[in-house]
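One-based numbering, in listed order, for ligands and for the atoms of each.
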Amino acid sequence: MRPFEYSVIMAFIDNYDFELLSNQAEQLVLEELGRQLEVYEGAICLCNDCVADMAAMALNNVKPFYRFSLLGTLYADKAMEDEEYADSIRFAVFAAIEKIRKNPSHD
Ligand SMILES: [Zn+2]
């Protein structure tokens with residue numbers, strides 16, 4: 001990208017407030033991860049590297065759920081009423097936990 005184009009893009013980004021744009025899937029995955037990890041207590045590494053890797057892996061395997069709103073939490077709860085979406089979150093979290101359990105993020 002040429003310098004001119006870059007500055008135009010940066011000006012565009014600076015001209016708008018994208019702070020309230022967020023992927024609600026992140027909250028849903030983190031909540032589900034917390035729930036599922038309780039079952040594994042003592043049987044799995046819960047260091048920050050492993051748990052953050054589980055979250056990243058699960059998030060890469062679920063459909064993003066972007067919203068632009070102050071009411072993010074309400075929208076997130078709504079998304080879980082969609083059984084198919086809720087199942088996809090639960091399964092992605094389960095698969096990520098199992099993958100990291102078998103291959104921890106460190107020796
Ligand atoms: Zn670990």
Side-chain angles (χ1 to χ4, degrees):
M1 195 184 282
R2 285 176 291 142
F4 171 73
E5 288 170 340
Y6 181 75
S7 67
V8 168
I9 296 294
M10 289 315 287
F12 163 75
I13 291 171
D14 289 343
N15 272 340
Y16 294 90
D17 182 3
F18 293 115
E19 286 295 307
L20 295 178
L21 187 64
S22 71
N23 183 3
Q24 302 295 304
E26 196 171 314
Q27 182 180 331
L28 298 173
V29 160
L30 295 180
E31 287 174 2
E32 182 60 25
L33 188 56
R35 273 192 290 272
Q36 290 193 27
L37 281 177
E38 280 180 36
V39 180
Y40 286 85
E41 216 188 310
I44 194 169
C45 179
L46 294 176
C47 80
N48 205 81
D49 284 358
C50 287
V51 174
D53 275 348
M54 290 170 196
M57 193 175 289
L59 274 165
N60 279 330
N61 287 305
V62 296
K63 212 174 107 203
F65 185 67
Y66 276 92
R67 280 294 179 270
F68 177 74
S69 172
L70 283 168
L71 304 171
T73 308
L74 290 179
Y75 281 121
D77 289 347
K78 206 104 192 119
M80 289 303 265
E81 286 172 15
D82 178 343
E83 267 308 308
E84 205 175 313
Y85 191 66
D87 277 351
S88 75
I89 295 272
R90 285 189 280 266
F91 180 75
V93 166
F94 172 75
I97 291 172
E98 281 301 306
K99 186 142 191 196
I100 300 293
R101 187 176 67 79
K102 290 170 189 150
N103 291 295
S105 306
H106 47 73
D107 294 327

Inset, instruction - Using the six-membered ring of F65, assess whether NZ or CZ of R67 lies under 6.0 Å from its centre and within 45 degrees of the ring axis. - result: yes
Inset, instruction - Heavy atoms only: give me the nearest L21-F68 pair and the separation to one decimal. - result: N-CD1, 3.8 Å
Legend entry - Distance-minimising heavy-atom pair for C50 and C45: CB-O, 3.7 Å
Legend entry - F94, CZ atom: more than 12 neighbouring heavy atoms under 6.0 Å: no
Inset, instruction - Run through the protein N/O/S atoms less than 2.8 Å from the Zn ion (ligand 1) and write them out by chain and number. - result: C45 SG, C47 SG, C50 SG, H106 NE2
Inset, instruction - Under the ring-ring contact (aromatic ring centres under 6.0 Å, His included) rule, collect the residues that match up with F18, sequence neighbours excluded. - result: none
Legend entry - Q36 side chain vs R90 backbone, donor-acceptor pair below 3.5 Å: yes
